[in-house]
Number of protein chains: 2
Amino acid sequence: MASRQGGTHKKSVDRRQVILDAAARRFAEFGFETTTVRQIADDVNILSGSLYHHFATKEEMLGEIVRGAVLDQRERAQRIAASRLDAETKFVTLIREELSALAERIEAYAIIFNERKFFRRSPDFLYLIKARKEAFEAWRAVLEQGVEEGLFHAGIDSYLTISTIMRMLNTGADWYRHEDGSPLDAMAEYSLEALTDFYTGFALRSVRSAGRAGEPIPAAMRQA
Amino acid sequence: MASRQGGTHKKSVDRRQVILDAAARRFAEFGFETTTVRQIADDVNILSGSLYHHFATKEEMLGEIVRGAVLDQRERAQRIAASRLDAETKFVTLIREELSALAERIEAYAIIFNERKFFRRSPDFLYLIKARKEAFEAWRAVLEQGVEEGLFHAGIDSYLTISTIMRMLNTGADWYRHEDGSPLDAMAEYSLEALTDFYTGFALRSVRSAGRAGEPIPAAMRQA
DNA sequence: GTCTATAAGTAGATAGAC
DNA sequence: GTCTATCTACTTATAGAC
């Protein structure tokens, strides 16, 4: 049985994944509650009733889409915060890894951000709120380390600063998807690297202590 | 007839406004498409059918809620950009007036932001996209004036900078409503003034030229 | 201006044939 | 694993009594 698992089982997993990908695209673009199971079914060329062979409810699809993304997010933040680096390198690494993850799983993170009020109302997603809070606390620890080390200015409100930066990265990534459109219609083309540099510089300027504005931006540390 | 207008007409206007206020609260909290006309009717203690005496469609309610807010937004930005002030004072005034308006009409602006994809799909709301784009261009002119005056650093990407700041103000104001909740549950209490100072400083640090990081933040000019 | 009553359509989800 | 067929509930909106 174990030796044959690859054959039949993999095919079934793929089918699930195709459905989840279609659902993620819909949820990210139009919202979870606005998307109908018929639209998802149409996207993968089956009838809506057939979806219920793979998933018990529409909400179960949502859960599968966001779970891994938010747990990875917490893991990243905690790993970087616990590493042996100076606070500024940690901070830059947090931003760059976060943006890299946002770009790679943009639908999942757009959904997590856009449906945050839905998640907060639903007891099934309490773990998600908790994981995001823990990621937040890891960021906060990095900021406070930076103030102690004299790299960041003492007047920082870590709560406001981190929540602002996190929203900035989330909405910036969502806007990057093009489907959004932003306040302009003539949309310039930016590479992910260009955007990452922009946001890194933007965030660093907001936390650095007075004399350090002009210093070079440290590279992110992949072994963090 | 003109002399009696105040009596009966005002009462009818008030009724409309009570309904619109309820609708705005629902749309801002749960989204336009997710909100049902029955919920709005329940909030003002009438039956759903009776709403159609005041409004032809649910979308008409949405239009009434957002129209004034977005036209005011454009007017503010254009008035400040066209005033005779240095670019930094204009920039600070833009931010402070914008946040003040966001706080005053928080539901309308939260709806405009959260339903932006809906507005972009709907031909009836093209004027809204256009007005926001024009406000955007007014901000951009201020930024470019600042670069010319040497107040802001030359490397600014005005497109990225303004769209980032605008999203920052919008999401910051929405988060300020409490009903949101943000990544933390233990939510600190901030006054609107404290928040305004924070965002003004945050944005200013991102645009000021190298040597000017420590200079005092100019007061906003109300006569702008 | 609100109610009663209802039309016409669509939502998420289920049962059983194949 | 997908289809046919359908249930129940709920959606926006309308018609006409009061």
Side-chain angles (χ1 to χ4, degrees), chain A residues 4-27 29-65 111 115 118-119 121-125, chain B residues 1 4-24 26-27 29-65 111 115 118-119 121-125:
Chain A
R4 291 289 306 130
Q5 192 182 358
T8 52
H9 187 59
K10 185 181 178 190
K11 192 164 187 178
S12 142
V13 166
D14 285 349
R15 198 79 187 106
R16 264 178 80 89
Q17 197 54 52
V18 167
I19 296 168
L20 285 179
D21 288 347
R25 253 175 277 121
R26 288 276 178 187
F27 294 163
E29 179 65 7
F30 303 99
F32 171 68
E33 292 173 288
T34 309
T35 298
T36 71
V37 292
R38 280 174 179 83
Q39 291 170 328
I40 299 168
D42 286 351
D43 289 346
V44 297
N45 284 103
I46 58 175
L47 293 189
S48 63
S50 307
L51 288 180
Y52 290 87
H53 174 76
H54 301 276
F55 305 95
T57 64
K58 185 179 152 190
E59 229 178 89
E60 185 182 310
M61 296 187 211
L62 177 63
E64 301 261 323
I65 291 165
I111 295 163
E115 311 293 333
F118 177 83
F119 292 131
R121 285 194 293 272
S122 171
D124 291 346
F125 290 102
Chain B
M1 183 172 130
R4 291 289 307 130
Q5 192 184 356
T8 52
H9 188 58
K10 185 179 178 190
K11 192 165 187 177
S12 143
V13 167
D14 285 348
R15 197 81 186 105
R16 265 179 80 89
Q17 198 53 52
V18 167
I19 294 168
L20 286 179
D21 288 347
R26 288 276 178 186
F27 294 163
E29 180 67 6
F30 302 100
F32 171 68
E33 292 173 288
T34 309
T35 298
T36 70
V37 292
R38 261 175 255 270
Q39 292 170 328
I40 299 168
D42 285 351
D43 289 347
V44 297
N45 285 104
I46 59 175
L47 292 189
S48 63
S50 306
L51 287 180
Y52 290 86
H53 174 76
H54 302 275
F55 306 95
T57 64
K58 184 179 151 188
E59 229 179 87
E60 187 182 310
M61 296 186 212
L62 178 63
E64 300 263 320
I65 290 165
I111 294 164
E115 311 293 332
F118 176 83
F119 292 130
R121 286 193 294 271
S122 170
D124 292 345
F125 290 102

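Chain A is the first sequence line, chain B the second, and so forth, proteins listed ahead of strands; every chain is numbered from 1. Computed from a predicted structure; not experimentally measured.
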Smallest heavy-atom separation, B/L20 atom then B/I65 atom, equals O-CD1, 3.7 Å

Looking at every strand, decide which applies to B/I46 at a 4.0 Å heavy-atom threshold: base, sugar-phosphate, or nothing. sugar-phosphate

Categorize A/T35 for me: base, sugar-phosphate, or nothing, with a 4.0 angstrom heavy-atom threshold over every strand shown. sugar-phosphate

Whole-Å distance between [N] [atom2] and [X] [atom1]?
X	N	atom1	atom2	result
B/Q39	D/dA9	CD	P	18 Å
B/E60	D/dT12	CD	P	15 Å
A/E59	C/dA11	CD	P	18 Å
B/K58	D/dT14	NZ	C1'	17 Å
A/R26	C/dA11	CZ	P	11 Å
B/L47	D/dC18	CG	P	17 Å
A/M61	C/dA11	CE	C1'	13 Å
B/D42	C/dT2	CG	C1'	14 Å

Any chance you could measure B/L51, atom CG, to B/I40, atom CD1, to the nearest 0.5 Å? 6.5 Å

Would a distance-only check, ignoring hydrogens and angles, find a side-chain to backbone donor-acceptor pair under 3.5 Å from A/E115 to A/F32? yes

Is there a donor-acceptor pair under 3.5 Å between the side chain of B/Q39 and the backbone N or O of B/T35? no

Report the C-alpha separation of B/F119 and B/L62 in whole Å, then their side-chain angles, then the decisive distance to 0.1 Å, and conclude whether the side chain to side chain contact (heavy atoms under 4.5 Å, CB included) test is met. CA-CA 10 Å; B/F119 292 130; B/L62 178 63; 3.7 Å; yes

Please determine whether a side-chain nitrogen or oxygen atom of [X] lies at a distance below 4.0 Å from atom OP1 or OP2 of [N].
X	N	answer
A/H53	C/dT14	no
A/S50	D/dG1	no
B/Y52	D/dA13	yes

Just compare C/dA11, D/dA13, D/dG1 and give me whichever is closest to any side-chain atom of A/H54. D/dG1

For the base of D/dG1, is there a side-chain donor-acceptor partner from A/R15 under 3.5 Å away? no

